[in-house]
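These notes are about the structure you will find just below.
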Amino acid sequence: MTIASQQADASAISPMKIYDWFDGPYPARVRIALAEKGLLPKIDFVSVNLWTGEHKEPDFLAINYSGTLPVLELKDGTLIAECTAITQYLDTLDGNPTLTGETPLEKGIIHMMTKRAEIEFLDAVSVYFHHATPGLGPKVELYQNAEWGTKMGEKAVRGMRYFDHLLKSRPFVAGDKFSMADIAVLGGMIFASLVKLPVPEDCVALKAWHAKMQERSSVQIWRAMVEQGA
Ligand SMILES: N[C@@H](CCC(=O)N[C@@H](CS(=O)(=O)O)C(=O)NCC(=O)O)C(=O)O
């Protein structure tokens, strides 16, 4: 099915659509957030095949100039890209649980730690994937710089050590409550696992936190969706 035909089918039955790819690390961030908030039944997922470069075709670039997934489409046609922005929007739809903070201080700290998870970890793994491995293949990876990719892989491991250090003295990435920042670090761990970038053995606190995250129903629901290819 083309994006256009999926759009036609999906808009008739669901108030919101998400364009994504079922097992992607960034899509995982939004799917876990949706599961945390019990909003998955309100979403119709429209698959965009990264592996064939569908996300770089004009049809999808008209949906997201950046050519990345996921993108949230509201009933009125408004398009919201960027995992953090999508999560912030979803978090306003109902009160529980709050993923982006309740007080001004919580909101500031969670935003900072989410951005830090992207800059120091998740985005660095992504660059490693696209530049130091075959990535999505030659049709999609039109420019690669293996040295840059390797450097970013090293940065990602430093990022793992940073979050390990933080998690030695706090239960969650942004403090004493689970938040969007934890989901961003989870995205980094998912991507690192996919590209076989090992978590250093001495990152004991990060490993313990990651094991605790696997017990959350939202993470179990996400994993089940991946296993079903949904
Ligand atoms: N800053 C964006 C990054 C999104 C992103 O890179 N998504 C990946 C999806 S996945 O790799 O996680 O499945 C993508 O579209 N990659 C395609 C590409 O970079 O060509 C966000 O936070 O949403």
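Values reported hereafter were calculated over all heavy atoms of this structure, with side chains retained and with hydrogens, waters and symmetry mates removed. All ligand and atom numbering here is 1-based and tracks the order in the structure. This one's a predicted model, so the numbers in the text were calculated from it and none came from an experiment.
E120 approaches A124 most closely through the heavy-atom pair O-CB, 4.4 Å. Across all non-hydrogen atoms, the minimal contact from V48 to W21 is O-CE3, 3.2 Å. Between K207 and P200, the closest heavy-atom pair is CE-O, 3.4 Å. A pairwise comparison of heavy atoms in F121 and M160 identifies CE1-CG, 3.6 Å as the closest pair. When all heavy atoms of R31 and D20 are compared, the closest pair comes out as NE-OD2, 2.7 Å. Taking every heavy atom of both residues into account, T100 and I110 meet most closely at C-CD1, 3.6 Å.
Within ligand 1, the atoms closer than 4.0 Å to a non-hydrogen atom of K56 are 20 (O), numbered from 1 in the order shown.
Remark: distances from the non-hydrogen atoms of P27 to ligand 1 include one below 4.0 Å.
At the shortest separation from atom 1 (N) of ligand 1 among protein heavy atoms lies E82 OE1, 2.7 Å. Distance from atom 13 (O) of ligand 1 to its nearest protein heavy atom, with residue and atom name: G24 CA, 3.1 Å. Distance from atom 23 (O) of ligand 1 to its nearest protein heavy atom, with residue and atom name: C83 N, 3.1 Å. Among all protein heavy atoms, the one lying closest to atom 20 (O) of ligand 1 is H55 NE2, 2.9 Å. When hydrogens are left out, the protein atom nearest atom 12 (O) of ligand 1 is Y26 N, 2.9 Å; that is the closest non-hydrogen contact.
The option from L69, T84, V30, V48 that lies nearest to atom 8 (C) of ligand 1, judged by heavy atoms, is L69. Taking all heavy atoms of R29, E118, E141, H130 into account, the minimum distance to atom 16 (N) of ligand 1 is reached by H130. The option with the heavy atom closest to atom 11 (O) of ligand 1, from among L50, D23, T87, is L50.
Residue-to-ligand polar distances place P25 within reach of ligand 1: an N/O pair is separated by less than 3.5 Å.
The cationic atom of K212 (NZ for Lys, CZ for Arg) does not lie both less than 6.0 Å from the six-membered ring centre of F178 and within 45° of the ring axis.
Under a 3.5 Å cut-off, the side chain of Q144 and the backbone N or O of T133 do form a donor-acceptor pair.
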